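Remarks on the structure that follows.
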Amino acid sequence: MGTALKELVKDYAKPCKTEDLSGVVAIDAFNALYQFLTIIRQPDGTPLMDSSGRMTSHLSGIFYRTVSLLEVGLQPVFIFDGKPPELKKATNEERHARREEAEQKFQEAQKAGDTEAAYKYARAAARPDEAIIQSAKDLLTAMNIPYLIAPSEGEAQAAHMVMKGDVTYAASQDYDTLLFGSPSFLRNLTVSGRRKVQGRTIQVQPEVITLKNVLSGLSLTREELIQIAILIGTDFNPGVPGIGAKRGLKAVKGGEFEKTLHQAPHSDIDYDEVMAFFLHPPVTDEYSLLWKPLNAETVRAFLCDDYEFSDEKIMRTLGKVANTKEQKSLDQWF
(Lines give C-alpha, C1' and ligand atoms only; values in the text may rest on other atoms or scores of the structure.)
Protein backbone atom coordinates (compact mmCIF):
# COMPACT_ATOMS: atom_id res chain seq x y z
CA MET A 1 0.00 0.00 0.00
CA GLY A 2 1.19 3.50 -0.74
CA THR A 3 4.78 4.12 -1.73
CA ALA A 4 8.06 2.95 -0.18
CA LEU A 5 9.43 6.21 1.20
CA LYS A 6 10.36 4.88 4.63
CA GLU A 7 14.13 4.98 4.01
CA LEU A 8 13.98 8.70 3.29
CA VAL A 9 11.44 9.67 5.93
CA LYS A 10 12.43 7.55 8.94
CA ASP A 11 14.97 10.08 10.25
CA TYR A 12 12.19 12.68 10.52
CA ALA A 13 9.73 10.45 12.37
CA LYS A 14 9.30 11.56 15.99
CA PRO A 15 8.15 8.73 18.31
CA CYS A 16 5.49 9.74 20.79
CA LYS A 17 2.99 8.36 23.26
CA THR A 18 -0.70 8.47 22.45
CA GLU A 19 -1.39 10.25 25.74
CA ASP A 20 0.94 13.08 24.67
CA LEU A 21 -1.15 13.82 21.57
CA SER A 22 -4.10 16.19 21.50
CA GLY A 23 -6.55 17.64 19.04
CA VAL A 24 -8.44 16.07 16.14
CA VAL A 25 -7.13 13.09 14.19
CA ALA A 26 -8.46 12.09 10.77
CA ILE A 27 -8.03 8.32 10.46
CA ASP A 28 -7.71 6.58 7.10
CA ALA A 29 -10.60 4.19 7.75
CA PHE A 30 -9.76 1.54 5.12
CA ASN A 31 -6.17 1.45 6.30
CA ALA A 32 -7.32 1.00 9.92
CA LEU A 33 -9.83 -1.71 8.96
CA TYR A 34 -7.14 -3.59 7.09
CA GLN A 35 -4.85 -3.41 10.13
CA PHE A 36 -7.58 -4.68 12.48
CA LEU A 37 -8.57 -7.50 10.13
CA THR A 38 -4.93 -8.50 9.81
CA ILE A 39 -4.03 -8.37 13.50
CA ILE A 40 -7.11 -9.50 15.39
CA ARG A 41 -7.22 -13.20 14.62
CA GLN A 42 -7.07 -16.57 16.30
CA PRO A 43 -3.70 -18.40 16.30
CA ASP A 44 -4.76 -20.41 13.22
CA GLY A 45 -5.64 -17.23 11.31
CA THR A 46 -9.40 -17.46 11.78
CA PRO A 47 -10.90 -14.00 12.36
CA LEU A 48 -13.26 -13.23 15.22
CA MET A 49 -16.85 -14.00 14.22
CA ASP A 50 -20.29 -14.15 15.78
CA SER A 51 -22.44 -17.29 15.75
CA SER A 52 -23.84 -16.30 12.35
CA GLY A 53 -20.39 -16.24 10.79
CA ARG A 54 -20.22 -12.46 10.53
CA MET A 55 -16.71 -11.10 11.02
CA THR A 56 -16.21 -9.01 14.15
CA SER A 57 -12.42 -8.49 14.29
CA HIS A 58 -12.75 -5.00 12.83
CA LEU A 59 -15.52 -4.06 15.28
CA SER A 60 -13.32 -5.07 18.18
CA GLY A 61 -10.44 -3.02 16.79
CA ILE A 62 -12.54 0.08 16.14
CA PHE A 63 -14.24 -0.05 19.52
CA TYR A 64 -11.22 -0.57 21.76
CA ARG A 65 -8.90 1.73 19.82
CA THR A 66 -11.47 4.52 19.55
CA VAL A 67 -12.16 4.35 23.28
CA SER A 68 -8.42 4.52 23.96
CA LEU A 69 -8.19 7.70 21.85
CA LEU A 70 -11.13 9.27 23.63
CA GLU A 71 -9.56 8.38 26.99
CA VAL A 72 -6.52 10.56 26.27
CA GLY A 73 -8.55 13.41 24.80
CA LEU A 74 -8.05 12.80 21.07
CA GLN A 75 -11.08 13.38 18.86
CA PRO A 76 -11.14 10.87 15.99
CA VAL A 77 -12.91 11.23 12.66
CA PHE A 78 -12.79 8.30 10.23
CA ILE A 79 -12.34 8.95 6.51
CA PHE A 80 -13.56 6.23 4.15
CA ASP A 81 -12.38 5.96 0.55
CA GLY A 82 -14.79 7.00 -2.13
CA LYS A 83 -14.59 6.11 -5.82
CA PRO A 84 -11.08 4.90 -6.71
CA PRO A 85 -9.40 6.83 -9.51
CA GLU A 86 -8.92 5.11 -12.84
CA LEU A 87 -5.18 5.43 -12.23
CA LYS A 88 -5.53 2.90 -9.39
CA LYS A 89 -7.31 0.22 -11.41
CA ALA A 90 -4.23 -1.89 -12.13
CA THR A 91 -3.10 -1.75 -8.49
CA ASN A 92 -6.52 -2.80 -7.21
CA GLU A 93 -6.70 -5.67 -9.68
CA GLU A 94 -3.25 -6.87 -8.63
CA ARG A 95 -4.16 -6.68 -4.93
CA HIS A 96 -7.38 -8.59 -5.54
CA ALA A 97 -5.48 -11.36 -7.32
CA ARG A 98 -2.90 -11.60 -4.51
CA ARG A 99 -5.59 -11.83 -1.86
CA GLU A 100 -7.53 -14.46 -3.79
CA GLU A 101 -4.36 -16.53 -4.02
CA ALA A 102 -3.68 -16.04 -0.30
CA GLU A 103 -7.24 -17.10 0.54
CA GLN A 104 -6.81 -20.31 -1.43
CA LYS A 105 -3.50 -21.06 0.32
CA PHE A 106 -5.13 -20.31 3.69
CA GLN A 107 -7.82 -22.92 3.01
CA GLU A 108 -5.20 -25.44 1.94
CA ALA A 109 -3.08 -24.79 5.04
CA GLN A 110 -6.11 -25.23 7.29
CA LYS A 111 -6.93 -28.58 5.70
CA ALA A 112 -3.31 -29.65 6.12
CA GLY A 113 -3.31 -28.61 9.77
CA ASP A 114 -0.43 -26.16 9.18
CA THR A 115 -1.36 -23.49 11.73
CA GLU A 116 1.65 -21.27 11.07
CA ALA A 117 1.06 -21.15 7.32
CA ALA A 118 -2.68 -20.68 7.82
CA TYR A 119 -2.08 -17.64 10.02
CA LYS A 120 0.35 -16.15 7.49
CA TYR A 121 -1.97 -16.58 4.51
CA ALA A 122 -5.06 -15.47 6.44
CA ARG A 123 -3.38 -12.15 7.19
CA ALA A 124 -2.40 -11.74 3.53
CA ALA A 125 -5.98 -12.47 2.44
CA ALA A 126 -7.57 -9.89 4.75
CA ARG A 127 -9.68 -7.26 3.05
CA PRO A 128 -12.68 -5.14 4.04
CA ASP A 129 -15.76 -6.09 2.02
CA GLU A 130 -19.01 -4.13 1.86
CA ALA A 131 -20.50 -5.83 4.93
CA ILE A 132 -17.41 -5.04 6.99
CA ILE A 133 -17.35 -1.43 5.82
CA GLN A 134 -21.04 -0.92 6.57
CA SER A 135 -20.84 -2.48 10.02
CA ALA A 136 -17.84 -0.27 10.80
CA LYS A 137 -19.88 2.80 9.87
CA ASP A 138 -22.80 1.54 11.96
CA LEU A 139 -20.54 1.13 14.99
CA LEU A 140 -19.11 4.64 14.58
CA THR A 141 -22.67 5.98 14.39
CA ALA A 142 -23.57 4.09 17.57
CA MET A 143 -20.50 5.59 19.28
CA ASN A 144 -21.30 9.13 18.07
CA ILE A 145 -17.97 9.27 16.24
CA PRO A 146 -18.05 11.33 13.02
CA TYR A 147 -17.05 9.79 9.72
CA LEU A 148 -17.22 10.86 6.11
CA ILE A 149 -16.81 9.31 2.69
CA ALA A 150 -14.14 11.01 0.62
CA PRO A 151 -14.76 11.78 -3.04
CA SER A 152 -11.80 9.53 -3.82
CA GLU A 153 -8.76 8.64 -1.67
CA GLY A 154 -9.18 8.79 2.10
CA GLU A 155 -5.58 9.91 2.68
CA ALA A 156 -6.10 12.83 0.31
CA GLN A 157 -9.22 13.97 2.16
CA ALA A 158 -7.49 13.64 5.53
CA ALA A 159 -4.52 15.66 4.27
CA HIS A 160 -6.88 18.34 2.98
CA MET A 161 -8.56 18.63 6.36
CA VAL A 162 -5.20 19.06 8.09
CA MET A 163 -4.19 21.73 5.56
CA LYS A 164 -7.47 23.54 6.24
CA GLY A 165 -6.77 23.52 9.97
CA ASP A 166 -9.88 21.50 10.85
CA VAL A 167 -7.78 18.49 11.85
CA THR A 168 -4.49 18.20 13.75
CA TYR A 169 -3.16 14.96 12.27
CA ALA A 170 -3.84 12.68 9.33
CA ALA A 171 -3.38 9.10 10.56
CA SER A 172 -2.49 6.25 8.21
CA GLN A 173 0.27 3.75 7.57
CA ASP A 174 0.71 4.97 4.00
CA TYR A 175 3.34 7.56 3.13
CA ASP A 176 1.00 8.75 0.38
CA THR A 177 -0.42 10.99 3.09
CA LEU A 178 2.71 13.15 2.82
CA LEU A 179 2.51 13.22 -0.97
CA PHE A 180 -1.04 14.52 -0.68
CA GLY A 181 0.38 17.39 1.37
CA SER A 182 -0.61 16.68 4.97
CA PRO A 183 1.47 19.00 7.21
CA SER A 184 1.29 16.50 10.11
CA PHE A 185 1.27 12.77 9.44
CA LEU A 186 0.66 10.27 12.25
CA ARG A 187 1.70 6.64 11.80
CA ASN A 188 1.10 3.56 13.98
CA LEU A 189 -1.89 5.10 15.74
CA THR A 190 -4.13 2.09 15.15
CA VAL A 191 -1.40 -0.55 15.59
CA SER A 192 0.62 0.75 18.53
CA GLY A 193 1.50 -1.83 21.16
CA ARG A 194 3.31 -5.13 20.90
CA ARG A 195 3.65 -6.75 17.48
CA LYS A 196 5.20 -9.96 16.28
CA VAL A 197 7.65 -9.33 13.45
CA GLN A 198 9.67 -12.19 11.96
CA GLY A 199 9.16 -14.33 15.04
CA ARG A 200 10.05 -11.72 17.63
CA THR A 201 7.91 -9.31 19.62
CA ILE A 202 8.57 -5.59 19.28
CA GLN A 203 6.95 -2.51 20.79
CA VAL A 204 5.40 -0.20 18.21
CA GLN A 205 4.97 3.47 19.09
CA PRO A 206 3.00 6.13 17.27
CA GLU A 207 5.21 8.54 15.37
CA VAL A 208 4.60 12.04 14.05
CA ILE A 209 6.14 13.09 10.75
CA THR A 210 6.04 16.77 9.78
CA LEU A 211 6.10 17.39 6.03
CA LYS A 212 8.00 20.68 6.41
CA ASN A 213 10.81 18.90 8.28
CA VAL A 214 11.04 16.17 5.65
CA LEU A 215 11.24 18.62 2.76
CA SER A 216 13.73 20.96 4.42
CA GLY A 217 15.86 18.08 5.71
CA LEU A 218 16.10 16.50 2.26
CA SER A 219 16.25 19.88 0.43
CA LEU A 220 13.26 18.95 -1.68
CA THR A 221 10.03 20.51 -2.81
CA ARG A 222 6.82 18.56 -2.44
CA GLU A 223 6.76 18.08 -6.21
CA GLU A 224 10.24 16.55 -6.08
CA LEU A 225 9.15 14.21 -3.27
CA ILE A 226 6.30 13.09 -5.53
CA GLN A 227 8.77 12.58 -8.37
CA ILE A 228 10.81 10.26 -6.15
CA ALA A 229 7.65 8.34 -5.29
CA ILE A 230 6.77 8.02 -8.98
CA LEU A 231 10.20 6.55 -9.69
CA ILE A 232 9.80 4.08 -6.80
CA GLY A 233 6.19 3.27 -7.70
CA THR A 234 2.88 4.40 -6.23
CA ASP A 235 -0.68 3.10 -6.10
CA PHE A 236 -1.17 4.93 -9.39
CA ASN A 237 1.89 3.84 -11.37
CA PRO A 238 4.50 1.07 -11.38
CA GLY A 239 8.00 2.21 -10.57
CA VAL A 240 11.23 2.02 -12.51
CA PRO A 241 12.94 -1.37 -12.00
CA GLY A 242 15.89 -1.10 -9.64
CA ILE A 243 14.91 2.30 -8.26
CA GLY A 244 14.40 2.54 -4.51
CA ALA A 245 14.12 5.53 -2.24
CA LYS A 246 17.81 6.44 -2.14
CA ARG A 247 18.41 6.01 -5.87
CA GLY A 248 15.23 7.94 -6.56
CA LEU A 249 16.44 10.78 -4.34
CA LYS A 250 19.77 10.85 -6.13
CA ALA A 251 18.10 10.90 -9.55
CA VAL A 252 15.69 13.71 -8.70
CA LYS A 253 18.29 15.88 -6.96
CA GLY A 254 20.64 15.28 -9.88
CA GLY A 255 18.04 16.55 -12.34
CA GLU A 256 17.60 13.13 -13.93
CA PHE A 257 13.94 12.45 -13.16
CA GLU A 258 12.82 12.50 -16.80
CA LYS A 259 15.83 10.47 -17.94
CA THR A 260 15.27 7.84 -15.26
CA LEU A 261 11.54 7.75 -15.93
CA HIS A 262 12.19 6.74 -19.53
CA GLN A 263 13.54 3.44 -18.18
CA ALA A 264 10.07 2.53 -16.93
CA PRO A 265 8.52 -0.37 -18.87
CA HIS A 266 5.07 1.23 -18.95
CA SER A 267 5.39 4.04 -21.48
CA ASP A 268 1.60 4.40 -21.83
CA ILE A 269 1.19 5.89 -18.33
CA ASP A 270 0.61 9.63 -18.11
CA TYR A 271 2.99 10.56 -15.31
CA ASP A 272 1.85 14.17 -15.42
CA GLU A 273 -1.60 12.88 -14.48
CA VAL A 274 -0.13 11.02 -11.51
CA MET A 275 1.63 14.19 -10.35
CA ALA A 276 -1.57 16.20 -10.80
CA PHE A 277 -3.57 13.69 -8.78
CA PHE A 278 -1.22 13.98 -5.81
CA LEU A 279 -1.19 17.77 -6.00
CA HIS A 280 -4.90 18.30 -6.69
CA PRO A 281 -6.88 15.22 -5.63
CA PRO A 282 -10.69 15.23 -5.42
CA VAL A 283 -11.65 16.42 -1.90
CA THR A 284 -14.68 17.94 -0.25
CA ASP A 285 -15.37 20.69 2.27
CA GLU A 286 -18.86 19.35 2.96
CA TYR A 287 -18.43 17.67 6.32
CA SER A 288 -19.38 18.24 9.93
CA LEU A 289 -17.11 17.40 12.84
CA LEU A 290 -19.30 16.91 15.89
CA TRP A 291 -18.54 14.61 18.79
CA LYS A 292 -21.40 13.78 21.13
CA PRO A 293 -20.98 11.91 24.43
CA LEU A 294 -21.01 8.13 24.16
CA ASN A 295 -24.36 6.54 24.92
CA ALA A 296 -23.29 3.35 26.67
CA GLU A 297 -26.57 1.54 26.11
CA THR A 298 -26.60 2.29 22.37
CA VAL A 299 -23.07 0.95 21.98
CA ARG A 300 -23.78 -2.06 24.20
CA ALA A 301 -26.91 -2.94 22.23
CA PHE A 302 -25.04 -2.79 18.92
CA LEU A 303 -22.02 -4.82 19.99
CA CYS A 304 -23.60 -7.22 22.49
CA ASP A 305 -27.15 -7.73 21.28
CA ASP A 306 -26.35 -7.62 17.57
CA TYR A 307 -22.81 -9.05 17.44
CA GLU A 308 -22.59 -11.10 20.66
CA PHE A 309 -19.76 -9.24 22.36
CA SER A 310 -19.43 -9.67 26.12
CA ASP A 311 -21.69 -7.25 28.02
CA GLU A 312 -19.28 -7.17 30.93
CA LYS A 313 -16.20 -6.33 28.85
CA ILE A 314 -17.95 -3.71 26.74
CA MET A 315 -19.54 -1.92 29.69
CA ARG A 316 -16.31 -2.04 31.68
CA THR A 317 -14.41 -0.50 28.76
CA LEU A 318 -17.04 2.19 28.20
CA GLY A 319 -16.80 3.06 31.86
CA LYS A 320 -13.12 3.84 31.45
CA VAL A 321 -13.76 6.73 29.06
CA ALA A 322 -14.92 9.00 31.84
CA ASN A 323 -12.98 7.50 34.73
CA THR A 324 -9.39 6.90 33.62
CA LYS A 325 -6.74 7.69 31.03
CA GLU A 326 -5.38 4.16 30.95
CA GLN A 327 -5.01 3.17 27.30
CA LYS A 328 -6.25 -0.20 26.09
CA SER A 329 -4.04 -1.47 23.29
CA LEU A 330 -4.29 -4.39 20.88
CA ASP A 331 -1.52 -6.23 22.73
CA GLN A 332 -3.76 -9.25 23.41
CA TRP A 333 -3.84 -10.09 19.71
CA PHE A 334 -0.08 -10.41 19.16
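From a predicted model like this one, the values you see are computed outputs, not experimental measurements. Residue numbers count from 1 along this sequence.
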Note to self: Could you tell me if the side chain of Thr18 sits less than 4.5 Å from the side chain of Leu69, heavy atoms only?
What the structure shows: yes

Note to self: Could you check whether atom CZ of Arg54 has more than 12 heavy atoms from other residues, nucleotides or ligands sitting under 6.0 Å from it?
What the structure shows: yes

Item checked: Minimum heavy-atom distance between Ile228 and Gly248, given as atom pair plus value -> CG1-O, 3.8 Å

Checklist line | Nearest heavy-atom neighbours spanning Leu290 and Pro146 | finding: O-CD, 3.7 Å

Margin query: Under 4.5 Å between side-chain heavy atoms, counting indirect links through other Ile/Leu/Val/Met/Phe/Trp/Tyr residues: same cluster for Leu33 and Val67 or not?
Written below: yes

Check: Got a second to check how far Leu261's CG is from Lys259's NZ, nearest 0.5 Å?
Finding: 13.5 Å

Notebook entry, point to check: Counting distance only, does the side-chain N/O of Thr234 pair as donor-acceptor with the main-chain N or O of Ala229 below 3.5 Å?
Noted result: no

Notebook entry, point to check: In Å and rounded to the nearest 0.5 Å, what is the CD1 to OG1 distance from Ile226 to Thr221?
Noted result: 8.0 Å

Margin query: In terms of relative ring orientation, are Phe302 and Tyr307 parallel, tilted or perpendicular, with 30° and 60° separating the classes?
Written below: tilted

Note to self: Strictly distance-based, threshold 3.5 Å: is any side-chain N or O of Asn188 a donor or acceptor partner for the main-chain N or O of Val204?
What the structure shows: no

Check: Ignoring hydrogens and geometry, is there a side-chain-to-backbone donor-acceptor pair from Thr3 to Asp176 under 3.5 Å?
Finding: no

Notebook entry, point to check: How far apart are the closest heavy atoms of Ala136 and Ile62, and which atoms are they?
Noted result: CB-CD1, 3.5 Å

Margin query: Please check this pair: side chain of Tyr12 against backbone of Gly217, looking for a donor-acceptor N/O pair closer than 3.5 Å.
Written below: yes

Next item on the list: Show your reasoning for whether side chain to side chain donor-acceptor pair (under 3.5 Å) applies to Asp138 and Thr141.
Entry: CA-CA 5 Å; Asp138 291 342; Thr141 298; 5.3 Å; no

Next item on the list: Identify whether Leu225 and Leu279 are in the same connected component of the hydrophobic contact network (ILVMFWY, side-chain heavy atoms under 4.5 Å).
Entry: yes

Check: With side chains defined as the heavy atoms from C-beta onward, is the minimum distance between Leu318 and Phe63 less than 4.5 Å?
Finding: yes

Notebook entry, point to check: Shared ILVMFWY cluster between Ile40 and Met49, side chains joined below 4.5 angstrom?
Noted result: no

Next item on the list: Would you check if Val240 and Arg247 make a side-chain contact, meaning some heavy-atom pair closer than 4.5 Å?
Entry: no

Margin query: With salt bridge (Lys or Arg N to Asp or Glu O under 4.0 Å) as the rule and sequence neighbours excluded, what pairs involving residues 7-16 come up?
Written below: Glu7-Lys10

Item checked: Under-4.0 Å salt bridge between Glu100 and Arg127 -> yes

Notebook entry, point to check: Between the main-chain N or O of Gly154 and the side-chain N or O of Asp81, is there a donor-acceptor pair closer than 3.5 Å?
Noted result: yes

Next item on the list: May I ask you to decide whether Lys120 forms a salt bridge with Glu116, counting only side-chain N to carboxylate O separations under 4.0 Å?
Entry: no

Item checked: Any side-chain heavy-atom pair of Phe36 and Leu59 under 4.5 Å -> no

Margin query: Taking the basic N atoms (NZ, or NE/NH1/NH2) and the acidic carboxylate oxygens, is any pair closer than 4.0 Å for Glu101 and Lys105?
Written below: yes

Margin query: Nearest 0.5 Å, please: how far is NZ in Lys137 from CG in Leu148?
Written below: 10.0 Å

Note to self: If you compare all heavy atoms of Thr298 against all heavy atoms of Ala142, which two are closest, and at what distance to 0.1 Å?
What the structure shows: CG2-O, 3.8 Å

Note to self: One pair to check against side chain to side chain contact (heavy atoms under 4.5 Å, CB included): Lys313 and Tyr64. What are the steps and the verdict?
What the structure shows: CA-CA 10 Å; Lys313 290 181 179 179; Tyr64 286 113; 3.9 Å; yes

Check: Restricting to pairs with a member in residues 204-243, which pass ring-ring contact (aromatic ring centres under 6.0 Å, His included), not counting sequence neighbours?
Finding: Phe236-Phe277, Phe236-Phe278

Next item on the list: For the pair Glu155 (side chain) and Asp28 (backbone), establish whether a donor and an acceptor sit closer than 3.5 Å, ignoring hydrogens and angles.
Entry: no

Next item on the list: Determine whether Leu186 and Met163 fall in the same hydrophobic cluster, where Ile, Leu, Val, Met, Phe, Trp and Tyr are linked whenever their side-chain heavy atoms lie under 4.5 Å apart.
Entry: no

Next item on the list: Take Leu303 and Leu139 through the side chain to side chain contact (heavy atoms under 4.5 Å, CB included) test and state the conclusion after the steps.
Entry: CA-CA 8 Å; Leu303 288 174; Leu139 174 56; 4.0 Å; yes

Item checked: Any donor-acceptor N/O pair, Thr168 side chain to Val25 backbone, under 3.5 Å -> no

Notebook entry, point to check: Which pairs, with at least one residue in residues 122-148 and sequence neighbours excluded, count as a ring-ring contact (aromatic ring centres under 6.0 Å, His included)?
Noted result: Phe80-Tyr147

Notebook entry, point to check: Under 4.5 Å between any side-chain heavy atoms of Val214 and Leu5, yes or no?
Noted result: no

Notebook entry, point to check: When rounded to the nearest 0.5 angstrom, what is the spacing between CZ in Arg222 and CD in Gln227?
Noted result: 13.0 Å

Notebook entry, point to check: Under 3.5 Å, is there a donor-acceptor pair between the Asp174 and Thr177 side chains?
Noted result: no

Check: Could you give all pairs that pass the side chain to side chain donor-acceptor pair (under 3.5 Å) test and reach residues 207-216, with sequence neighbours left out?
Finding: Arg187-Glu207

Note to self: I'd like to know whether Phe185 forms a side chain to side chain contact (heavy atoms under 4.5 Å, CB included) with Val9, so could you lay out the CA-CA distance, the side-chain angles of the two residues, the decisive distance to 0.1 Å, and finally the verdict.
What the structure shows: CA-CA 11 Å; Phe185 171 38; Val9 174; 5.9 Å; no

Checklist line | Flag side-chain contact, heavy atom, 4.5 Å: Gln104 against Gln107 | finding: no

Check: Roughly how far, to the nearest 0.5 Å, is OG1 of Thr260 from CG of Leu231?
Finding: 6.0 Å

Check: According to the salt bridge (Lys or Arg N to Asp or Glu O under 4.0 Å) rule, which pairs have a member within residues 278-302, sequence neighbours left out?
Finding: Lys164-Asp285, Glu297-Arg300, Arg300-Asp305, Arg300-Asp311

Checklist line | Trp291 side-chain N/O to Val77 backbone N/O, donor-acceptor pair under 3.5 Å | finding: no

Item checked: Heavy-atom pair of closest approach, residues Ile232 and Ala4 -> CD1-O, 3.6 Å

Next item on the list: For Asp114, check side chain to side chain donor-acceptor pair (under 3.5 Å) against everything at least two apart and list the hits.
Entry: none

Check: Is the shortest heavy-atom distance from the side chain of Glu308 to the side chain of Thr56 under 4.5 Å?
Finding: no

Next item on the list: Please round to the nearest 0.5 Å and tell me the distance separating atom CD1 of Ile79 and atom CE of Met161.
Entry: 4.0 Å

Margin query: Which heavy atom of Pro151 sits nearest to which heavy atom of Val283, and what is that distance?
Written below: CG-C, 3.5 Å

Checklist line | Contact check, side chains of Pro47 and Met55, non-hydrogen atoms, under 4.5 Å | finding: yes

